[in-house]
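Taking it in order: structure first as structure tokens, then the write-up.
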Amino acid sequence: MESVTKVCLISVVMVTLINTVMSNFPYVCRLAIDKYITILDFMNIIIIEKSHCSCSIIAPDWVLTAGHCIVLSTSIFESVIYTIQFGTTYVDNPDLVSIREVSENRAYQHPNFNETTLESDVGLIYVSSKFDLESDPSVVSSIKINCPPIISVESAYLTAAGFGYINNDNTLPTQLYFTNELQYMDLPNCQNEWQSTPLPNTCFCAWDFTTPVSSICNGDSGCPILLPDTLLQIGIGSFGTTPCNALPQGFTDLSNVNVCNWITEKTGNIS
């Protein structure tokens, strides 16, 4: 049985973006997650668990990502800080990248999110220090989401972009990558490919049938996938396989009524 693996995004022969073309994806952001764990002994050791995802700016004060990217503390000895990096394709360059730091009490998981099945795999982060979406939209802007649904996707090539691993040996990039070779696949056909592994009802899939292939991969959970001609985000990077592209990749469907209703209630109907 294949395992459903949480992902981050893009792998295998992706097209590299440079900072001068940030205008192609000014709504894509990187989400760095630092979990601080205090061990009380004579040294009071603090352990930092680091992880990252991708995300999208959907309003001046809201970021959209995967539910499994929302890491919550489980005791008084733990705390979580989210750092949203945006405005550049090179997140390791302090002269280019802009950041917003957010505490965990501003990060929200869908109430029906299931960490095992990845049902309702959607998360939101509220940013009190709002993004400036007016000064230079080619550098920072928001993307419209398919919630409530304004388009029905039945067959299309899709575009996904994120800051995940670029191959199967866990090479972690410091810049943005994208693919426009992913073909939409509905849930029944995707389930046939995954066979005995049950997939969440809140997802659709996409797969690159070309050679060489591109796919989402570890490190890009939460990335946007969109219809390129409409600049409309239809899904959120959720799961895949190891190695990447062995099976169709899964995306949380933003047109799903339970997903969309929660986003609307939480954000106050940003669409």
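Owing to the predicted nature of the structure, the values given are computational and were not obtained by experimental measurement.
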Spacing of CG belonging to Leu31 relative to OH belonging to Tyr82, to within rounding of 0.5 Å: 7.5 Å
Any side-chain donor near an acceptor of the partner, Thr38 and Glu78, under 3.5 Å: no
Spacing of CG belonging to Asn258 relative to CG belonging to Asp253, to within rounding of 0.5 Å: 11.0 Å
Side chain proximity check, Lys266 to Tyr126, heavy atoms < 4.5 angstrom: no
Distance-only polar pair, side chains of Asp121 and Ser238, donor-acceptor under 3.5 Å: yes
Separation between CD of Glu119 and CG of Asn112, rounded to the nearest 0.5 Å: 8.0 Å
side-chain hydrogen bond (donor to acceptor under 3.5 Å, both in side chains) against Gln191, all qualifying residues, sequence neighbours excluded: none
Gamma sulfurs of Cys69 and Cys55 within less than 2.5 Å: no
Whether Thr83 side chain and Glu101 backbone form a donor-acceptor pair below 3.5 Å: no
Exercise: do Asp208 and Ser214 side chains pair donor with acceptor under 3.5 Å: yes
Sulfur-sulfur distance Cys203/Cys190 under 2.5 Å: no
Any donor-acceptor N/O pair, Arg100 side chain to Val127 backbone, under 3.5 Å: no
Interatomic distance, Ile33 atom CD1 to Ile70 atom CD1 [nearest 0.5 angstrom]: 7.0 Å
Phe239 and Trp194 aromatic centres sub-6.0 Å: yes
Check against side-chain contact (heavy atoms from CB on, under 4.5 Å), Ile225 and Phe204: CA-CA 11 Å; Ile225 186 167; Phe204 66 85; 3.8 Å; yes
Tyr27 side chain reached by Pro224 side chain, heavy atoms, under 4.5 Å: yes
Met185 reachable from Ile234 in the ILVMFWY side-chain graph, under 4.5 Å edges: no
Tyr184 reachable from Tyr157 in the ILVMFWY side-chain graph, under 4.5 Å edges: no
Pairwise side-chain contact, Leu231 with Lys144, heavy-atom cut-off 4.5 Å (strictly under): no
ILVMFWY cluster, Ile145 and Val257 together (side-chain gap under 4.5 Å): no
Side-chain heavy atoms of Leu118 within contact of Phe113, under 4.5 Å: yes
Interatomic distance, Tyr108 atom OH to Ile125 atom CD1 [nearest 0.5 angstrom]: 10.5 Å
side-chain contact (heavy atoms from CB on, under 4.5 Å) assessment of Asn180 paired with Phe178: CA-CA 7 Å; Asn180 54 14; Phe178 79 96; 4.1 Å; yes
Gln233 side chain to Ser56 side chain, donor-acceptor N/O pair below 3.5 angstrom: yes
Distance-only donor-acceptor check, side chains Asp132 and Ser135, under 3.5 Å: yes
Gap separating the OH atom of Tyr36 from the OG atom of Ser79, nearest 0.5 angstrom: 7.5 Å
Verdict with reasoning, Phe163 to Val28, per side-chain contact (heavy atoms from CB on, under 4.5 Å): CA-CA 9 Å; Phe163 291 94; Val28 180; 4.1 Å; yes
Which residues share a side-chain hydrogen bond (donor to acceptor under 3.5 Å, both in side chains) with Asp136, sequence neighbours left out: Ser138
Trace of the side-chain contact (heavy atoms from CB on, under 4.5 Å) decision for Val80 with Asp34: CA-CA 6 Å; Val80 181; Asp34 293 332; over 6 Å; no
ILVMFWY network linking Ile236 to Phe25, side-chain heavy atoms under 4.5 angstrom: yes
Evaluation steps, disulfide bond (SG atoms under 2.5 Å apart), between Cys223 and Cys53: CA-CA 7 Å; Cys223 72; Cys53 287; over 6 Å; no
Same apolar cluster: Ile143 and Leu124, side chain cutoff 4.5 Å: yes
